[in-house]
Structures are given as structure tokens and as C-alpha cells.
Amino acid sequence: MSTDQTQNLTDGMHIIVDALKKNGIDTIYGVVGIPVTDMARHAQAEGIRYIGFRHEQSAGNAAAISGYLTQKPGICLTVSAPGFLNGMVALANATTNGFPMIQISGSSDRAIIDLQQGDYEELDQMNTAKPFVKASYRVNKPEDLGIALARAIRASISGRPGGVYLDLTTEVLAAVMDKDEADKTIFTVEDPAPRQLPAPESVDKALKLLAAAKRPLIILGKGAAYAQADESIRQFIETTGIPYLPMSMAKGLLPDDHPQSAAAARSHALSNADVVVLMGARLNWLLDHGKGKHWSTETQFIQLDIEPTEIDSNRPIAAPIVGDIYSSIEALLAGLKSTPVKSPNDWMAGIDDIKKVNSEKMAAKLNTDTSPLNYFNALRAIRDVLVDHKDVYVVNEGANTLDNGRNIIDMYKPRQRLDCGTWGVMGIGMGYAVGAAVTSGKPVVAIEGDSAFGFSGMEIETICRYKLPVTILIFNNGGIYRGDGVNLHGDSDPCPTVFMKGARYDKMIEAFGGIGYNATTPDEIQQALKAGLTSGQPTLINVVIDPAVGTESGHIGNLNPKSVVKN
Ligand SMILES: Cc1ncc(Cn2c(C)c(CCOP(=O)(O)OP(=O)(O)O)sc2=O)c(N)n1
Ligand SMILES: Nc1ncnc2c1ncn2[C@@H]1O[C@H](COP(=O)(O)OP(=O)(O)O)[C@@H](O)[C@H]1O
Ligand SMILES: [Mg+2]
């Protein structure tokens with residue numbers, strides 16, 4: 001091919017990068033290799049920030065959480081087969097949680113794969129992905145790359161957000177076409193997540209039910225947080241005076257010290273409410289499916305959700321409002337003029353009484369001074385530092401570390417608590433920390449169980465390499481749930497969840513130029529955490545926790561199968 005003929009040519013890997021740029025994608029998280037390395041190089045050369053990870057699952061988690069924070073799909077780039085599969089855990093978790101994310105993976109030769117002739121990293125990735133994503137597309141022609149990306153963007157953020165898989169074959173990445181012709185095939189997606197307004201009659205019905213309620217309760221879910229309708233939600237809650245419960249990632253939508261928060265009286269509020277409004281929250285296992293001891297069979301439900309099939313998932317919903325949260329809340333606010341709603345004062349007063357009793361009980365646990373530390377006094381030490389750093393993003397995973405962290409670490413701003421979410425998955429920690437730090441530019445504090453940290457711990461090198469302002473506190477109790485070898489039956493046999501004694505995780509980060517601390521007292525935790533926040537340097541604090549104080553599976557031990565057969 002003569003020089004002038006190559007003058008105006010482009011190829012698949014350049015076209016997809018141009019399409020990403022045209023749609024405002026400014027960051028790609030990934031692990032490169034055959035056949036996507038040159039695509040990443042080109043993206044970087046074109047000004048897209050490429051963040052290189054040590055494992056695709058963490059790259060995917062970073063992409064997913066950046067989608068949750070920005071309402072634009074986070075992009076994860078992987079190689080074929082094993083790299084694709086490593087990313088799939090994060091992609092499936094994104095779909096489960098409703099986080100918009102696109103995983104782009106290279107794939108091997110279609111003809112060889114389809115005849116199962118044994119290609120390098122042979123796998124039918126498009127079909128493998130289908131059960132775990134909102135949509136799964138494969139591109140075979142360079143002129144289709146623009147429309148394929150557009151479809152992936154729209155599928156990931158319209159309706160209930162989620163994961164989308166985009167398969168780029170080796171052939172299409174190398175396929176050549178005329179540049180001018182290629183430019184005609186890429187475009188900016190128009191209104192990829194259109195507002196979905198609720199039916200006026202559904203809003204009226206909900207307001208009439210609320211107006212008659214004696215003990216109304218609002219449950220805020222991460223769907224409400226994702227919607228970025230913060231001011232409208234606050235206005236509705238404060239205008240009606242209805243008490244509310246934030247689910248873990250909705251903490252901070254209103255500050256946790258807000259007078260209408262019922263969090264410290266959760267069981268009382270759930271079991272006594274007569275009308276419950278689910279706002280971007282599923283009535284799933286995290287809410288005991290709306291059944292059992294925390295719920296009354298008399299409770300009536302109002303549900304605000306963008307996904308129509310979520311309605312009636314577990315309990316009949318008396319007043320469904322299907323639409324995007326912002327449009328639905330705005331419609332409810334407008335409806336208050338004709339149907340005023342005011343939560344009875346005695347209901348909130350009763351909740352306040354319970355809050356007072358429970359807060360005193362919790363304070364007694366928090367203000368102990370034990371050696372070694374336990375979860376309560378360690379978390380109280382962290383809480384009392386973070387109250388002066390309300391911009392910090394908090395990442396939290398583990399069992400006891402997560403369950404106690406959720407109740408003790410107060411949040412004051414929306415979308416700043418990032419945790420194991422709907423699946424209760426371990427391993428989100430370092431990926432979420434990188435994604436939050438890169439996306440927001442703000443400091444991140446990751447509060448990690450020692451087992452949970454182990455799933456993504458190698459990414460501390462990634463954190464140090466990009467010099468991200470991340471401080472990691474590892475609650476080192478020497479094991480999964482506990483470190484003393486006592487199992488949930490109270491038998492002192494070395495159960496299969498114990499790690500080595502005296503591990504010093506703080507030494508790990510020093511290998512990559514980060515700053516490590518070992519903390520055995522609340523004061524040492526606070527000094528180290530303040531130093532990490534002040535320096536903005538990657539910091540790891542090994543918090544030594546009493547190995548005997550955890551409970552197996554934290555607060556969800558009841559989900560374990562009960563064996564009736566003696567060993
Ligand atoms: C991917 C994955 N693997 C395993 C588990 C099971 N699991 C595991 C392994 C947990 C770790 C608990 O230990 P930790 O050290 O992180 O926290 P605590 O010791 O403070 O409870 S919590 C939990 O549900 C999981 N949820 N997700
Ligand atoms: N913009 C939005 N408007 C309305 N509903 C939304 C929006 N984004 C997500 N959702 C819904 O919010 C719900 C989130 O529920 P869930 O993940 O269970 O929250 P949580 O775990 O915090 O209770 C999902 O059913 C999802 O369809
Ligand atoms: Mg542990």
C-alpha cells in the first residue's frame with residue numbers, strides 16, 4: 001500500500017478511542033495485554049487517562065464506582081478469556097448494584113472460536129457475559145464501532161443502570177477503513193438516560209396514602225443516592241417531617257445527625273411504621289424481604305423505582321410510582337400543595353425516645369478503653385477524626401468491620417460511603433478507593449477487614465504508583481470474622497478462617513514508597529489517620545484488633561445453614 005493510500009486510513013482501535021472521546025469518556029481502568037495493549041496506548045496518546053491495575057476485578061470495581069459517582073459509564077478494559085473473566089465479577093456486581101459500567105474486552109479469532117479449534121485464550125465472551133449484564137454486544141466490523149459504543153452507553157445508564165459487555169474481536173481492532181468514512185460512523189449519544197416521569201395518578205394515590213398515615217417512614221436506598229436528587233429529597237423529607245432510614249450507601253444523602261434520621265431506632269421504626277416509602281431501595285435481603293420479626297403484616301408500601309418489575313418483588317406495593325427518582329420526588333413535592341402531608345409529632349417523638357436509649361447503649365460500647373482494641377473503640381477513634389473531614393470518601397468492607405463500620409462511621413454528604421452493597425461482596429476495597437480518588441480528586445479512607453483487604457491488596461502498588469490520597473485502615477483481628485480459632489458453635493477448634501498471628505500489613509505499603517503505621521490504641525489510630533489525611537500520601541494503618549471479639553459472618557450469621565448433624 002503506497003504512502004498516500006495509507007494517508008487517510010484508520011483502524012478499529014483508533015475508531016473506538018475516537019468514539020469514547022466523542023462521548024466524554026476521560027478515563028479507562030484496566031489491565032492490558034493481547035489484543036488491547038495498543039488500544040490503551042492510543043487512548044492515552046489521545047488524552048484519555050488510563051489507570052493500569054494489577055487485577056482486572058479491581059479495575060472493574062474502579063470503573064463501576066466511577067459510574068455510580070458520575071452517572072456516566074465507567075470503562076474497564078481487559079484482555080480476552082481469563083482477563084475478561086476476572087473483570088466479570090466486577091461487571092456482575094455493577095449490574096447487581098445498579099452501577100453503570102462498560103467492560104471492553106478483546107477477544108480471539110471468531111472463526112476459530114466458533115469451530116472450537118483451540119485459539120489463544122479461546123472463549124465465546126459475548127455469550128458468557130449475557131447472564132450477568134444488562135446487554136452484551138460483539139463488534140465484527142469497524143464501521144459498527146460507533147453505534148456499538150452508543151448502544152453500550154445507553155444500555156448502561158438508561159433505566160436501572162448496570163453493567164454492559166462490549167466485545168472487540170482481534171480482527172475488528174486491526175480492521176482498516178477510510179478515516180473520513182469512519183468519522184461519519186461515530187457520534188455523541190443524545191440523552192442516553194432520559195427522564196422517566198411518573199403517572200400523575202400514581203403520585204396522587206401515594207400522597208393520599210401518606211396523608212392518612214399515622215406512622216410513615218421513608219427508606220432511602222442507593223438508587224436515591226445515585227439519582228443526584230439530593231435537594232429535592234431533603235425538601236420532601238423536611239417538608240413532610242417523615243422520619244427516614246438510609247440504607248448503607250444512601251447514608252449522607254441527609255447528614256447522619258439529621259433530627260429526622262431513625263437509624264438509631266431502626267428496628268422500632270421498621271416494625272411500627274404503617275406506611276413505608278421505598279425510595280430507590282429494594283425490599284430484598286437487606287430489609288429481610290419486608291417480612292419476619294422486623295415487619296408488620298399491616299404495613300402498606302409506596303415504592304419509587306425506575307424499574308417497573310421491581311414493584312411487588314417481595315410484598316404487595318399499594319402505591320407504586322414508576323419513574324426516575326428526581327422526576328418522582330419533584331412530582332410528589334408539587335402534589336403536596338393539594339394533598340398536604342405532615343407526619344404526626346408523637347411518631348417522631350417515640351422514635352426519638354428509642355434513639356436516646358440506643359445511642360446511650362452504643363456510647364457505652366464506643367467509649368471503652370480496651371487493650372487490645374475492639375471494633376467499637378477503634379471505629380469511634382476513626383469517627384472522631386472523620387467528623388472534621390466531611391469531604392472524605394469512606395470505603396468499607398469485611399464482616400464485623402463492615403457491619404459495625406456502617407453503624408458507627410457517620411456520613412454527612414451524599415455518595416461518599418462506598419461499600420459491599422447488595423451482594424455483600426468482598427474485594428471491592430482497593431478498586432473502589434482508586435475509582436473514588438481518581439474520579440473525585442478527594443481523599444479516600446478505606447476501612448477494611450483483614451480478610452476483605454486480602455482480595456485486592458496488591459492494588460496498594462497501584463495506589464502508590466499514582467500517588468493517590470488513600471489511607472487504608474486494616475482491622476487486623478487475625479482472620480475471617482475472628483482470629484482465635486473459635487467457631488460459631490463456640491468450639492475452640494482452629495476453624496478454617498484463621499490467618500497468621502501478628503501480621504504487619506503496614507510493612508507492605510512501605511515496599512512501594514507508601515507510609516505504614518501500626519496502631520494498638522485509639523490515640524495511635526487517630527495520629528496515623530490525621531497524618532495520612534494531612535500528607536495526602538498513600539498510607540496504611542495496621543489496626544491490631546482483639547482476635548476474640550468478632551462474630552462469625554458479622555450481623556448476618558443467621559444466613560448460615562444450620563447443621564443438625566454432629567461432626
Ligand atoms: C468474594 C467473596 N468471598 C467470600 C465472602 C465471604 N465473606 C468473607 C470472606 C468475609 C471476610 C470477613 O473477614 P474480615 O477480616 O474482612 O472482617 P472481620 O474479621 O472484621 O469480620 S465477609 C463474607 O461474607 C464474600 N462475601 N465475598
Ligand atoms: N435514577 C433512579 N431513579 C429511580 N430508581 C432508581 C434510579 N437508579 C436506581 N434506581 C433503583 O433503585 C433501586 C436501588 O435499590 P438497592 O440497590 O436495593 O438499594 P439499597 O441497597 O441501598 O437499598 C433499584 O431497584 C433501582 O432500580
Ligand atoms: Mg478479620
Side-chain angles (χ1 to χ4, degrees), residues 57 68 71 89-90 92-93 95-100 157-162 193 195-196 198 219-229 233 245-251 253 278-287 303-311 313-314 321-329 374-375 378-379 396-405 417 419-429 447-456 474-484 496-499 503 543 545-547 549-557 559-560:
Q57 184 177 141
Y68 171 67
Q71 298 184 337
V89 172
N93 189 48
T95 305
T96 303
N97 281 285
F99 299 161
I157 53 178
S158 60
R160 172 187 284 174
R195 286 179 52 190
Q196 293 184 222
I219 297 180
L220 297 172
K222 57 177 164 304
Y226 171 80
Q228 297 191 20
I233 290 171
L245 273 181
M247 299 301 284
S248 71
M249 286 181 65
K251 281 166 62 78
L253 250 179
L278 297 164
M279 251 184 222
R282 285 171 284 198
L283 207 51
N284 58 15
W285 74 278
L286 290 163
L287 285 167
Q303 184 156 14
L304 280 66
D305 206 296
I306 203 165
E307 175 46 63
T309 61
E310 188 55 40
I311 309 297
S313 64
N314 284 273
I321 299 180
V322 176
D324 70 83
I325 290 277
Y326 173 74
S327 303
S328 300
I329 295 279
N374 61 39
Y375 290 99
L379 286 163
N396 189 203
E397 60 175 346
N400 297 280
T401 306
L402 172 80
D403 294 338
N404 293 311
R417 177 184 165 84
D419 65 27
C420 303
T422 300
W423 244 357
V425 68
M426 294 303 115
I428 51 96
I447 304 172
E448 300 275 303
D450 47 347
S451 166
F453 171 74
F455 287 78
S456 66
I474 296 180
F475 276 39
N476 183 352
N477 67 336
I480 299 179
Y481 315 130
R482 306 172 62 120
D484 60 356
T497 61
V498 176
F499 300 151
V543 180
I545 297 283
D546 181 346
V549 295
T551 39
E552 181 155 330
S553 303
H555 296 183
I556 56 173
L559 297 182
N560 281 302

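In each ligand, atom 1 is the first atom listed, and ligand 1 is the first ligand listed.
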- Query: Between Tyr375 and Asp403, does a side chain to side chain donor-acceptor pair (under 3.5 Å) hold up when you go through it step by step?
  - Reply: CA-CA 10 Å; Tyr375 290 99; Asp403 294 338; over 6 Å; no
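- The shortest side-chain heavy-atom distance between Phe499 and Asp450 falls under the 4.5 Å cut-off.
- Side-chain contact check for Leu304 versus Ile329: some heavy-atom pair is nearer than 4.5 Å.
- The shortest distance between side-chain heavy atoms of Glu397 and Phe455 does not fall below 4.5 Å.
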- Mind running side-chain contact (heavy atoms from CB on, under 4.5 Å) on Asn400 and Phe475 for me, showing each step along the way? CA-CA 9 Å; Asn400 297 280; Phe475 276 39; over 6 Å; no
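- With sequence neighbours left out, Ser248 forms a side chain to side chain donor-acceptor pair (under 3.5 Å) with Asp419.
- Around the Mg ion (ligand 3), the protein atoms of type N, O or S found under 2.8 Å away are Asp450 OD1, Asn477 OD1, Gly479 O, listed by chain and number.
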- Query: Between Asn477 and Thr401, does a side-chain contact (heavy atoms from CB on, under 4.5 Å) hold up when you go through it step by step?
  - Reply: CA-CA 10 Å; Asn477 67 336; Thr401 306; over 6 Å; no
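- Side-chain atoms of Arg282 and Ser313 form no donor-acceptor pair, as typed in the model, at a separation below 3.5 Å.
- Contact detail for Gly398 and Cys420: the closest heavy-atom pair is N-SG, 4.2 Å.
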- I would like to know whether Leu287 and Asn314 meet side-chain contact (heavy atoms from CB on, under 4.5 Å); could you show each step before the answer? CA-CA 10 Å; Leu287 285 167; Asn314 284 273; over 6 Å; no
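- If you look at ligand 2, the protein residues with a non-hydrogen atom under 4.0 Å away are Arg160, Pro161, Gly221, Lys222, Gly223, Tyr226, Ala227, Met247, Gly280, Ala281, Arg282, Asn284, Leu286, Asp305, Ile306, Glu307, Glu310, Gly323, Asp324, Ile325, Thr422.
- In plain terms, the two heavy atoms of Ala378 and Val543 that are nearest each other are CB-CG1, 4.2 Å.
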Just the distances, no angles: every ligand 1 N or O to protein N or O pair closer than 3.5 Å, one line each.
unit_1, atom_1, unit_2, atom_2, d
ligand 1, 13 (O), Tyr481, N, 3.4
ligand 1, 15 (O), Asp450, N, 3.2
ligand 1, 15 (O), Asp450, OD1, 2.6
ligand 1, 15 (O), Ser451, N, 2.9
ligand 1, 15 (O), Gly479, O, 3.0
ligand 1, 16 (O), Ala452, N, 2.9
ligand 1, 17 (O), Ala399, N, 3.2
ligand 1, 19 (O), Asn477, OD1, 3.2
ligand 1, 19 (O), Asn477, ND2, 3.0
ligand 1, 19 (O), Gly479, O, 3.2
ligand 1, 19 (O), Tyr481, N, 3.0
ligand 1, 20 (O), Tyr375, OH, 2.8
ligand 1, 20 (O), Thr401, N, 3.2
ligand 1, 20 (O), Thr401, OG1, 2.6
ligand 1, 21 (O), Ala399, N, 3.4
ligand 1, 21 (O), Asn400, N, 2.8
ligand 1, 21 (O), Asn400, ND2, 2.9
ligand 1, 26 (N), Gly424, O, 2.9
ligand 1, 27 (N), Met426, N, 3.2

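- Only one option out of Ile447, Asn396, Leu379 pairs with Asn404 in a side-chain contact (heavy atoms from CB on, under 4.5 Å); it is Leu379.
- If you run side-chain contact (heavy atoms from CB on, under 4.5 Å) between Thr422 and each of Met247, Met249, Lys222, only Lys222 comes through.
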